[in-house]
2 protein chains.
Amino acid sequence: MPATPCCPPLAGGVLSTDDAERLAAVLKSLADPVRLRLLSLVATAAAGEVCACDLPQAVDRSQSTVSHHLSQLVDAGLLHREQRGKWAWFRVDDAAMADVASALRLPGTRSTI
Amino acid sequence: MPATPCCPPLAGGVLSTDDAERLAAVLKSLADPVRLRLLSLVATAAAGEVCACDLPQAVDRSQSTVSHHLSQLVDAGLLHREQRGKWAWFRVDDAAMADVASALRLPGTRSTI
DNA sequence: CCCTCGTTTCGATGGATGTCGATACGAGAC
DNA sequence: GTCTCGTATCGACATCCATCGAAACGAGGG
């Protein structure tokens with residue numbers, strides 16, 4: 001806050017502290033290379049879903065680490081988990097992903113589509 | 001990797017390790033509530049840019065902390081910095097933001113627009 | 001040249017996080 | 001019931017990160 005005003009006062013930020021906290025939590029779950037690869041593996045799977053059993057080797061991490069990452073993605077609402085027999089299957093929540101993408105779209109930004 | 005196959009082999013993930021690393025780096029710079037609020041403050045400013053001098057009070061953090069966050073956003077390419085006289089002004093790189101948003105758009109996801 | 005003031009950088013610190021091996025849990029097979 | 005095997009949880013550890021105060025840097029103004 002300069003003695004001589006250097007600029008017009010800011011309009012109130014669009015993002016409330018709570019909204020910022022919520023969005024940051026989801027983005028934090030995305031902000032890891034291993035989780036991004038897991039997500040893309042599930043998203044691009046032919047059947048739209050994937051068995052957890054194949055993921056450790058796919059991302060070259062231990063089984064416990066992969067399980068940990070999958071839990072974070074599920075907690076963030078980006079992935080859905082379904083137990084089928086003794087195997088766990090995961091699929092992407094397309095709406096949640098679209099929500100994040102659109103949250104990042106700035107108010108004044110013209111669509112590039 | 002189960003003894004009896006539980007599912008068809010995965011198609012190769014779309015995201016390479018390098019791509020995942022790069023995207024994660026940008027997302028990491030977004031995955032903080034303070035940085036999200038800073039970004040929204042700059043993005044919604046009437047003039048499209050903002051003087052750094054007003055930001056510490058706007059996000060209720062020390063001036064050095066705000067400078068640190070701004071540097072991260074600049075390093076990620078999401079913000080541009082311009083020194084004007086003794087004040088630093090910041091504006092959003094709309095193209096970079098759009099890139100991140102579209103990177104999160106899944107291949108098969110139908111547009112909701 | 002010195003003083004002021006906005007900004008960045010430095011050093012320190014407490015807390016979060018990615019990773020693993022080991023263990024516990026659960027469901028099917030025998 | 002017991003054995004097997006896929007998965008989740010636990011405990012530990014090294015690293016990263018947000019935050020602050022203090023110090024350094026830089027540009028104007030006197």
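Throughout, protein chains are lettered first and strands after them, A, B, ... in sequence-line order, and every chain is numbered starting at 1.
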Margin query: Check this for me, if you would: do B:Arg84 and B:Glu49 make a salt bridge, where the nitrogen-to-carboxylate-oxygen distance has to be below 4.0 angstrom?
Written below: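 Between B:Glu49 and B:Arg84 there is a salt bridge, with a charged N closer than 4.0 Å to a carboxylate O.
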Looking only at the side chain of [X] (C-beta and beyond, no hydrogens), which of the listed nucleotides [options] gets closest?
| X | options | result |
| --- | --- | --- |
| B:Trp87 | D:dC5, C:dT7, D:dT9 | C:dT7 |
| A:Cys51 | C:dT9, D:dT7, C:dT7 | D:dT7 |
| A:Lys86 | C:dT8, D:dT7, D:dG6 | D:dG6 |
| B:Ser71 | C:dT7, C:dT9, D:dT7 | C:dT9 |

Would you mind reading off the distance between [X] atom [atom1] and [N] atom [atom2], rounded to a whole angstrom?
| X | N | atom1 | atom2 | value |
| --- | --- | --- | --- | --- |
| A:Leu27 | C:dT17 | CG | P | 14 Å |
| B:Leu73 | C:dT8 | CG | C1' | 16 Å |
| A:Leu70 | C:dT19 | CG | C1' | 15 Å |
| B:Gln83 | C:dG6 | CD | P | 13 Å |
| A:Gln57 | D:dT7 | CD | P | 12 Å |
| B:Glu82 | C:dT8 | CD | C1' | 18 Å |
| A:Trp89 | D:dA8 | CH2 | C1' | 19 Å |

Check: With a 4.5 Å limit on heavy-atom distance, are the side chains of A:His80 and A:Val74 in contact?
Finding: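 No, every pair of side-chain atoms sits at 4.5 Å or beyond.
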Next item on the list: Determine whether A:Arg81 and A:Gln83 make a side-chain contact, defined as any pair of heavy atoms from C-beta on separated by less than 4.5 Å.
Entry: yes
Margin query: Taking CG in A:Asp60 as the centre, count heavy atoms belonging to other residues, nucleotides or ligands within less than 6.0 Å. Is the count above 12?
Written below: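 Not buried by this count: 12 neighbours or fewer within 6.0 Å.
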Where do N or O atoms of nucleotides 13-20 of chain D meet protein N or O atoms at under 3.5 Å, pair by pair?
{"unit_1": "D:dA18", "atom_1": "OP1", "unit_2": "B:Arg35", "atom_2": "NH1", "d": "3.4"}
{"unit_1": "D:dA18", "atom_1": "OP1", "unit_2": "B:Arg35", "atom_2": "NH2", "d": "2.8"}
{"unit_1": "D:dA18", "atom_1": "OP2", "unit_2": "B:Gln72", "atom_2": "OE1", "d": "3.1"}
{"unit_1": "D:dT19", "atom_1": "OP1", "unit_2": "B:Arg61", "atom_2": "NE", "d": "2.7"}
{"unit_1": "D:dT19", "atom_1": "OP1", "unit_2": "B:Arg61", "atom_2": "NH2", "d": "3.1"}
{"unit_1": "D:dT19", "atom_1": "OP2", "unit_2": "B:His69", "atom_2": "NE2", "d": "2.3"}
{"unit_1": "D:dC20", "atom_1": "OP2", "unit_2": "B:Ser62", "atom_2": "N", "d": "3.0"}
{"unit_1": "D:dC20", "atom_1": "OP2", "unit_2": "B:Ser62", "atom_2": "OG", "d": "3.2"}
{"unit_1": "D:dC20", "atom_1": "OP2", "unit_2": "B:Thr65", "atom_2": "OG1", "d": "2.6"}

Check: Under 4.0 angstrom, heavy atoms only, what part of the nucleic acid is B:Arg81 near: base, sugar-phosphate, or nothing?
Finding: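 Result for B:Arg81 = sugar-phosphate.
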Next item on the list: Please determine, by modelled atom types, if A:Thr65 and A:Ser62 share a side-chain donor-acceptor pair under 3.5 angstrom.
Entry: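 Note: A:Thr65 and A:Ser62 side chains meet the donor-acceptor criterion.
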Check: In Å and rounded to the nearest 0.5 Å, what is the CZ to NZ distance from A:Arg35 to A:Lys28?
Finding: 10.5 Å
Next item on the list: For B:Leu79 and B:Arg91, run side chain to side chain contact (heavy atoms under 4.5 Å, CB included): C-alpha distance rounded to whole Å, both residues' side-chain angles, the deciding distance at 0.1 Å, then the answer.
Entry: CA-CA 6 Å; B:Leu79 233 46; B:Arg91 62 186 165 80; over 6 Å; no
